[in-house]
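Structure record follows, encoded as structure tokens.
Computation of the quantities below employed the complete heavy-atom set of this structure, encompassing side-chain atoms and omitting hydrogens, waters and symmetry-equivalent molecules. The model shown is predicted, which means the values in this text are computed figures rather than measured ones. So you know, we letter chains A, B, ... as the sequences are listed, proteins then strands, and number each from 1.
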Amino acid sequence: MSRYNAKETEEKWQKLWAEADCFAVHEDPSREKYYVLEMFPYPSGKIHMGHVRNYTIGDVVARYKRAKGFNVLHPMGWDAFGLPAENAAMERGVHPAQWTYENIATMRAQLKLMGLSLDWSREIATCHPGYYAQQQRLFVDMMQAGLVYRKESSVNWDPVDQTVLANEQVIDGKGWRSGAPIERRKLSQWFFRITAFSDELLAALDELERWPEKVRLMQRNWIGRSEGATIHFRIDGRPAGQDDRLTVFTTRPDTLFGASFCALAANHPLSAEIAEGNPAAAAFVAECNRLGTSEEVIETAEKQGFDTGLTVQHPFLPEVKLPVYIANFVLMEYGTGAIFGCPAHDQRDLDFARKYGLSVIPVVLPPEAEAATFEIADEAYTGEGRAFNSGFLDGLAVDEAKRAAIDKLAAQGDGEGTVQYRLRDWGISRQRYWGCPIPVIHCPACGPQPVPADQLPVTLPDDVTFDRPGNPLAHHPNWKKTTCPGCGGAAERDTDTMDTFVDSAWYFARFCSPRAAGPVDRAAVDYWLPVDQYIGGIEHAILHLLYARFFTRALAATGYLGVKEPFAGLFTQGMVCHETYRSADGRWLFPEEVEKAADGSARHADSQAPVAIGRAEKMSKSKRNVVDPEAIISTYGADTARWFMLSDSPPERDMEWTDAGVEGAWRFSQRLWRLVSDNLERLSAGATPLPGRLSPAAEELRRTVHKTVAACGEDLEQFRFNRAVARIYELANSLGAFKGLDAGDYWVLREGLDLLVRLVAPMMPHLAEELWQLLGHGDFLVYEPWPEADPALISDAQATLAVQVNGKKRATITLPVDAAEDEARAAALAEPSVQRAMDGKTARKVIVVRNRIVNVVV
RNA sequence: GCCCCUGUGGCGGAAUUGGUAGACGCGACAGACUCAAAAUCUGUUUCCCGCAAGGGAGUGCCUGUUCGAGUCAGGCCAGGGGCACCA
């Protein structure tokens, strides 16, 4: 019995594919194109199992589509700018560029071990000046198109490290490295005007039919269109003028009669103005600013307010004045940064009102309630109903009351109907070194100026140090010193770099013509875009995908592209999980440190101390529940790793990596090998078909083979890889169990094995290629078209129907396919077990579903 | 706090989209081969009663719609994810 040597064979075919340049493509208008793209990796050091899953799925699609005759573009590159490179520089003294390029080299070699059908000639890295130079050109063009502007915005500021922190670097309100309480600070930053496309980005979601509904919903919520009103409250005691009004946004103008206060965000201009002359207010504002900027923190913090002493005039009730608070739950980033509170019909407002003793006036009466007795206790009423206690609105339904309130406000000049979006413009300035420099020069005389085209790219200086807090670009002795392109006077470069999401917002376009002199080659993008199938993690469902959609529109607006949506199809794969292990002292253990006993318990491999097994969680370095793909590939081969990734769990769901599962996959690869290599003699005996000499068993096998071919194709089209795998197992079982007797049978066996190998090819490409050669074929299997099932062989002559009595299964009957209803009914009623279950009663009704079921109702 | 997802044997999952629940794989058990082990092959494997034939229960829980519900509706319970400077 021979053994399949995965390592040797995989090396062999990887070399042969590379030498023949099997996967390099170019534009060919005579052929239909298919662009498959997996989210490109961040070069963190080594590939992890999440990459293996992502790129396996993408490679199956690429290989399948290639076999279906498409001209397939399948590129790979590196999302190479980012914070971890700077952390490495600070911790280990290695330059971010060196760290990044070394990681890329390692990871490229690892990806090549996977046998991915990539066009490596198109490789790009976003940290390469050849890439970011083009990005700077796009920035300048977008600036000229009015899609870039500058404004003040809040950031998390670490006063010790003198740096801006990401939300994830703020832990319990303190900097992760320094431990210092963080502050909210305002910085002048660059923004992309993504809100210019709010409506378009929202509306176009309806047409992205090959996107998961879940992702579309998340984007819809993110854009967050809401209709409502802006209301201008007159501030008491201020002379008429531009600052005498407080403008709020509300989605519930119908509840205006229930208003009992107004609240400002801590960083609202009016809050700042009050804080200036009032130390208590200033302290409260500072307290709010310590909360951080994440929505979760703000929404879950205890509601707190500061009574400013100011009051505003109710627009409909001359005798009512509302107190104005500064409140920690009002976001400056949404609406106008100020609200009016109607405690009876908003839970946050209610919590706030109870805490500060404000009145709670119900103004919407639920359908079944009585106006005289309806009260609000601990829960605000947010449902439908009719207005009451509301003057001219009384009796109107919520929607009618909203409209009437807006009309009246507009007539009085106190407000208007407006549409608000939750979506905010995209702040892209980062006070970091390892990113794309923002190509702007700040001139004391002329203001900010884009860097002229002939001075691009603005490259990062190599000679930077990370030995003191702050942004190395700002510290650099002379990098920022330059002259103004307008007046020629002394000026300074912008020392901020772009958010790394900018890099990944257009890379799919760059892949179409990775070495073009400009950002894109128009003919290339016109041919290849949009990406037909994009594949990546759900964690990018909102930001990355929304930014890429925005960029595509921005590039269409600046004349670079002819499409408005980047990704026609999207697939989001689940995470790769693994059990977690902890020793008695609470330390996390790597799987290879743990020995598992037959009873399911675990011990430390060296000390034999007992180990606690935790549930499977996403593989992560911090919990040490990681398995190194390279180790798996060197033990079992890439095909085994790929096959296991595709087996069992549906690709959109989280999967658990287990040793037993990998071994099962490995056993199957060996079994396939034997199925072919052990049958070679018989196969050569079956080289010529002998029509008319097939045994019934052989006929049956052919049906199974062709049904599997048809079903597998459908499964791959629909990303149901786990089902395709199960079908392939079944087919291998049938072929293995087939005891052929003569040449005709052997011919059927040969046909079956040929087809089996071709079905397996996208998933285990090396093994398939080797078996294809073993079966006597000359050319690469990679060039072989996808097999077609014989339609005559995939339909059955007979159908098995279940027979139910009152919905309970009592028998099955076998009938010719599409048998008449009468025939099915008669056959069902003739069954003894059915008669027994009917217990002598007559059938009141018999339901017959063709080829499926007969249900007798008594 | 807001938004979203998931729940089927010991485990991963399948179920023609409202029509035979548990395909396929893993694990376990039994047998064959072997001096023995590994590998391989064959069989059994949702639970309960029964020697069997057969019967009963069963898709997180409760209610409903239907001839028929894992699938649809309403209400719960449990676990997980996202929330704008991680990528």
Side-chain angles (χ1 to χ4, degrees), chain A residues 1 3 39 41-42 44 79 81-84 155-156 163-170 189 214-215 217-218 220-222 224 293-301 303 329 333 347-348 351 422-424 426-432 499-501 503-504 537-544 546-547 575 598 600 615-618 644 647-650 652-656 658-665 667-668 670-671 674 711 720 722-723 725-730 733 736 800-809 811-812 833 836 844-847 849-858:
Chain A
M1 187 161 61
R3 269 225 167 171
M39 291 178 183
Y42 177 76
S44 53
D79 187 14
F81 275 136
L83 202 49
V155 295
N156 300 310
T163 185
V164 177
L165 297 182
N167 281 335
E168 71 155 20
Q169 295 172 319
V170 181
Q189 313 212 61
K214 179 183 173 179
V215 173
L217 183 65
M218 283 165 87
R220 263 182 217 116
N221 290 339
W222 191 260
T293 58
S294 98
E295 193 175 315
E296 184 203 357
V297 167
I298 290 166
E299 292 277 328
T300 52
K303 310 282 171 284
F329 63 90
E333 287 74 22
Q347 192 59 44
R348 283 182 312 188
D351 296 344
R422 210 182 78 98
L423 183 66
R424 313 201 290 254
W426 176 15
I428 59 144
S429 295
R430 298 289 181 272
Q431 296 68 41
R432 307 251 158 79
D499 179 2
T500 55
F501 273 121
D503 312 340
S504 55
I538 187 76
E539 66 273 22
H540 294 291
I542 299 173
L543 292 185
H544 162 59
L546 193 62
Y547 293 154
M575 298 182 298
R615 65 175 185 83
E617 292 181 63
K618 180 186 180 173
F644 177 52
S647 315
D648 296 350
S649 297
E652 69 279 8
R653 218 179 293 180
D654 290 351
M655 66 170 289
E656 189 183 346
T658 60
D659 290 346
V662 185
E663 274 161 33
R667 275 201 298 273
F668 183 65
Q670 293 292 337
R671 218 172 118 222
R674 286 195 308 271
R720 304 209 269 206
N722 55 321
R723 291 214 315 198
V725 163
R727 289 186 208 287
I728 287 169
Y729 272 117
E730 283 178 291
N733 289 344
T800 306
L801 287 78
V803 184
Q804 300 180 331
V805 178
N806 289 338
K808 267 190 193 304
K809 188 174 96 174
T812 58
S833 54
R836 214 178 313 131
R844 277 198 291 132
K845 197 163 155 194
V846 179
I847 289 142
V849 181
R850 216 182 347 143
N851 301 330
R852 287 281 140 73
I853 205 163
V854 180
N855 191 11
V856 181
V857 187
V858 294

Students often get this wrong, so: under 4.0 angstrom with heavy atoms, is [X] touching a base, only sugar-phosphate, or nothing?
X	result
A:Trp222	base
A:Arg850	nothing
A:Phe668	nothing
A:Thr800	base
A:Arg422	base
A:Glu730	sugar-phosphate
A:Arg348	nothing
A:His540	base
A:Asp654	sugar-phosphate
A:Leu217	sugar-phosphate
A:Ser429	base
A:Val857	sugar-phosphate
A:Arg667	sugar-phosphate
A:Lys809	base

Could you give the distance from [atom1] ([X]) to [atom2] ([Y]), rounded to the nearest 0.5 Å?
X	Y	atom1	atom2	result
A:Leu801	A:Thr812	CG	OG1	9.0 Å
A:Leu83	A:Thr500	CG	OG1	9.0 Å
A:Asp351	A:Phe329	CG	CZ	8.5 Å
A:Met655	A:Asp648	CE	CG	7.5 Å

Can you tell me the distance, in whole Å, between the [atom1] atom of [X] and the [atom2] atom of [N]?
X	N	atom1	atom2	answer
A:Ile538	B:rC86	CD1	C1'	17 Å
A:Glu652	B:rG13	CD	C1'	12 Å
A:Asp648	B:rA23	CG	P	13 Å
A:Phe644	B:rG12	CZ	C1'	8 Å
A:Lys808	B:rG58	NZ	C1'	10 Å
A:Asn851	B:rU16	CG	C1'	12 Å
A:Arg720	B:rU17	CZ	C1'	9 Å
A:Glu656	B:rC26	CD	C1'	11 Å

Can you tell me the base-pairing partner of [N]? Count Watson-Crick or G-U wobble geometry only, both distances below 3.5 Å, and say none if there is no partner.
N	value
B:rG27	B:rU45
B:rC35	none
B:rG79	B:rC5
B:rG22	none
B:rU59	none
B:rU16	none
B:rU66	none
B:rC85	none

Glycosidic conformation of B:rG75, syn or anti, with 90° from 0 as the boundary?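 You should classify B:rG75 as anti.
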
Check the chi torsion on B:rU17 and let me know: syn if it falls within 90° of 0, anti if not.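 Judged by the O4'-C1' to base torsion, B:rU17 sits in syn, the angle falling within 90° of 0.
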
Is it the case that more than 12 heavy atoms not belonging to A:Arg850 sit under 6.0 Å from its CZ atom?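 At most 12 heavy atoms, drawn from other residues, nucleotides or ligands, come within 6.0 Å of this atom.
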
Separation of the [atom1] atoms in [N] and [M], to the nearest angstrom:
N	M	atom1	value
B:rC5	B:rG10	P	28 Å
B:rU44	B:rG7	P	30 Å
B:rU46	B:rC83	C1'	41 Å
B:rU8	B:rC4	P	22 Å
B:rC72	B:rG19	C1'	14 Å
B:rU40	B:rC51	C1'	34 Å
B:rA69	B:rA21	P	11 Å
B:rU65	B:rA52	C1'	41 Å

Report yes if a donor N or O on one partner sits less than 3.5 Å from an acceptor N or O on the other, where the partners are the side chain of [X] and the base of [N]; otherwise report no.
X	N	result
A:Arg844	B:rC67	no
A:Asn855	B:rC67	yes
A:Arg852	B:rU16	yes
A:Gln189	B:rC85	yes

Looking at [X], I'd like to know whether one of its side-chain N or O atoms comes within less than 4.0 Å of OP1 or OP2 on [N].
X	N	value
A:Arg424	B:rA84	no
A:Thr500	B:rA87	yes
A:Asn722	B:rA14	yes
A:Asn733	B:rG25	yes

RNA chain B: A:Gly807 or A:Arg836, which has the more 5' nearest nucleotide?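 Closer to the 5' end of RNA chain B: A:Arg836.
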
Given that A:Ser649 and A:Met575 both sit by RNA chain B, which one's nearest nucleotide is further toward the 5' end?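 Here A:Ser649 is the residue nearer the 5' end.
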
When you compare the side chains of A:Arg844 and A:Asn806, does any donor N or O come within less than 3.5 Å of an acceptor on the partner?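 The criterion, which ignores hydrogens and geometry beyond distance, is not satisfied for A:Asn806 and A:Arg844.
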
Between A:Asn722 (side chain only) and A:Ser649 (backbone N and O only), is there a donor and an acceptor less than 3.5 Å apart?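 Pair absent, no side-chain N/O of A:Asn722 close to backbone of A:Ser649.
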
Could you check whether any side-chain heavy atom of A:Ser647 comes within less than 4.5 Å of a side-chain heavy atom of A:Phe668, counting everything from C-beta outward?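 Result no, sub-4.5 Å side-chain heavy-atom pair not found.
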
Does A:Arg430 reach the side chain of A:Val155, with side-chain heavy atoms less than 4.5 Å apart?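 Side chain of A:Arg430 against side chain of A:Val155, heavy atoms only: no contact under 4.5 Å found.
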
Aromatic rings A:Phe501 and A:His540: how do their planes relate, parallel, tilted or perpendicular, breaks at 30° and 60°?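 A:Phe501 vs A:His540 ring planes: perpendicular.
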
Report the nucleotide, chosen from [options], that has the shortest atom-to-atom distance to any side-chain atom of [X].
X	options	result
A:Arg674	B:rA23, B:rA87, B:rU40	B:rU40
A:Lys214	B:rA87, B:rC4, B:rU20	B:rC4
A:Arg671	B:rC41, B:rC85, B:rA87	B:rC41

